[in-house]
Amino acid sequence: KEEAPERGGDIVTSKKFKAFELKFDFNLTPGANSGLKYSTGNNGPSVGLEYQVLDDSLHADAKLGIAGNRTMASLYDLIPAKKETRFINQPGGWNRGGVVLNPNNHAEHWLNGRKVLEYERGGAVFLEHVAKSKFSKLKDFGMAAEAPILLQDHGDKVMFRSIKIRELR
């Protein structure tokens with residue numbers, strides 16, 4: 001009997017963060033899916049907001065959801081990232097992701113030096129998106145006061161490096 005290869009599992013910080021600026025490099029294999037999760041915990045330890053890390057051209061999830069809200073750098077299942085393919089390194093190449101969550105709940109996602117989305121966590125537009133998402137039945141989704149940062153193991157080979165986080169006050 002052949003044994004299944006071991007999975008790495010989610011990587012979770014031991015420290016919890018309220019407001020932060022986080023930068024990270026990621027490299028996908030073809031068809032890979034992963035994510036960087038934050039503001040987790042209100043509905044389980046790994047349920048929260050997610051910066052989607054995905055091969056948009058080969059992974060089926062990129063075509064699901066609403067208006068591209070499950071594609072690379074999007075706020076998963078909520079808000080699509082506005083990005084141009086010419087600024088994205090395809091699988092095998094390194095990309096630079098970024099998340100900023102300010103103390104006033106203004107949040108931003110960055111990809112390769114470009115801001116690709118912004119929103120107000122808990123604001124009316126954010127709540128509208130949550131109401132139309134698979135998270136609609138979860139109480140206070142994405143609104144944890146503080147939470148660890150989680151690199152998701154979704155079963156695909158994805159590499160992360162140069163992860164830097166700075167607390168904002």
Side-chain angles (χ1 to χ4, degrees), residues 9-13 15-24 26 28 31-85 87-88 95 97-112 114-156 158 160 165 167-169:
D10 294 340
I11 299 171
V12 185
T13 63
K15 182 174 175 131
K16 293 181 177 182
F17 297 90
K18 292 179 183 179
F20 60 88
E21 176 183 24
L22 184 134
K23 296 178 182 178
F24 60 102
F26 62 93
L28 299 162
N33 181 2
S34 184
L36 183 135
K37 294 187 176 189
Y38 58 101
S39 297
T40 60
N42 283 357
N43 296 282
S46 64
V47 178
L49 304 175
E50 179 180 347
Y51 180 110
Q52 178 73 313
V53 174
L54 187 83
D55 177 358
D56 291 347
S57 60
L58 293 178
H59 197 284
D61 216 22
K63 291 163 188 56
L64 301 175
I66 300 169
N69 66 1
R70 292 188 177 186
T71 61
M72 182 188 290
S74 293
L75 181 59
Y76 176 75
D77 207 47
L78 298 174
I79 303 172
K82 294 180 177 144
K83 58 193 183 291
E84 295 179 51
T85 306
F87 297 120
I88 301 170
N95 288 285
V99 175
V100 179
L101 178 57
N102 289 288
N104 67 357
N105 284 322
H106 179 80
E108 302 171 350
H109 283 193
W110 291 76
L111 179 61
N112 294 328
R114 290 170 171 75
K115 183 168 42 175
V116 293
L117 73 82
E118 61 186 317
Y119 66 98
E120 304 303 320
R121 188 174 71 134
V125 173
F126 172 83
L127 295 174
E128 280 178 36
H129 286 290
V130 171
K132 293 186 273 184
S133 77
K134 69 181 194 175
F135 307 114
S136 62
K137 304 251 188 288
L138 302 179
K139 183 173 173 23
D140 297 326
F141 172 76
M143 295 303 298
E146 64 177 6
I149 305 295
L150 182 148
L151 296 176
Q152 179 186 50
D153 178 357
H154 210 283
D156 298 316
V158 178
F160 292 93
I165 189 163
E167 290 184 271
L168 301 176
R169 302 207 184 278

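FYI, side chains are in, hydrogens and waters are out, and symmetry mates aren't considered; it's all heavy atoms of this structure. Here the structure is a predicted model, which is why all the values come from computation and not from measurement.
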Given side-chain contact (heavy atoms from CB on, under 4.5 Å), test L75 with L49 step by step and report yes or no.
CA-CA 7 Å; L75 181 59; L49 304 175; 3.9 Å; yes
task = May I ask you to test the L36-Q152 pair for a side-chain heavy-atom distance under 4.5 Å?
result = no
Here the gap from F160 atom CZ to L151 atom CG, rounded to the nearest 0.5 Å, amounts to 5.0 Å
Applying side chain to side chain contact (heavy atoms under 4.5 Å, CB included) to P45 and not counting sequence neighbours gives none
>> Can you confirm whether I66 is buried at CD1, in the sense that more than 12 heavy atoms of other residues, nucleotides or ligands lie under 6.0 Å from that atom?
In response: yes
If we only count heavy atoms from C-beta on, is the Q52 to N33 side-chain gap below 4.5 Å?
yes
With sequence neighbours left out, the residues meeting side-chain hydrogen bond (donor to acceptor under 3.5 Å, both in side chains) with T13 are none
**Report entry** I11 and L150, any side-chain heavy atoms less than 4.5 Å apart
**Finding:** no
Residues passing the side-chain hydrogen bond (donor to acceptor under 3.5 Å, both in side chains) test with N69, sequence neighbours excluded, are none
Residue set satisfying side-chain hydrogen bond (donor to acceptor under 3.5 Å, both in side chains) with T71, at least two apart, ordered chain then number -> S74, K83
By side-chain hydrogen bond (donor to acceptor under 3.5 Å, both in side chains), N112 pairs with (sequence neighbours left out) N95
Applying salt bridge (Lys or Arg N to Asp or Glu O under 4.0 Å) to E167 and not counting sequence neighbours gives K15
Contacts satisfying side chain to side chain donor-acceptor pair (under 3.5 Å) that involve residues 121-146 (not counting sequence neighbours) are S39-R121, Y76-K134, N105-R121
(message) Working note: L78 + F126, criterion side-chain contact (heavy atoms from CB on, under 4.5 Å); need CA distance, chi angles, decisive distance, verdict.
(response) CA-CA 8 Å; L78 298 174; F126 172 83; 4.1 Å; yes
Hits for side chain to side chain contact (heavy atoms under 4.5 Å, CB included) against A32, two or more places apart or cross-chain, chain-then-number order -> L28, T29, D156, V158
Heavy-atom nearest pair, A81 first then M72, reads CB-O, 3.6 Å
Sorted by chain and number, sequence neighbours left out, side chain to side chain contact (heavy atoms under 4.5 Å, CB included) with V47 holds for N43, L138, F141
Donor-acceptor check, side chain of D153 to backbone of G155, threshold 3.5 angstrom: yes or no? yes
Quick note, salt bridge (Lys or Arg N to Asp or Glu O under 4.0 Å) partners involving residues 63-82, not counting sequence neighbours, are D61-R70, R70-D77
So ring pair (Phe, Tyr, Trp, His ring centres under 6.0 Å) across residues 44-68, not counting sequence neighbours, yields F24-Y51, Y51-H109
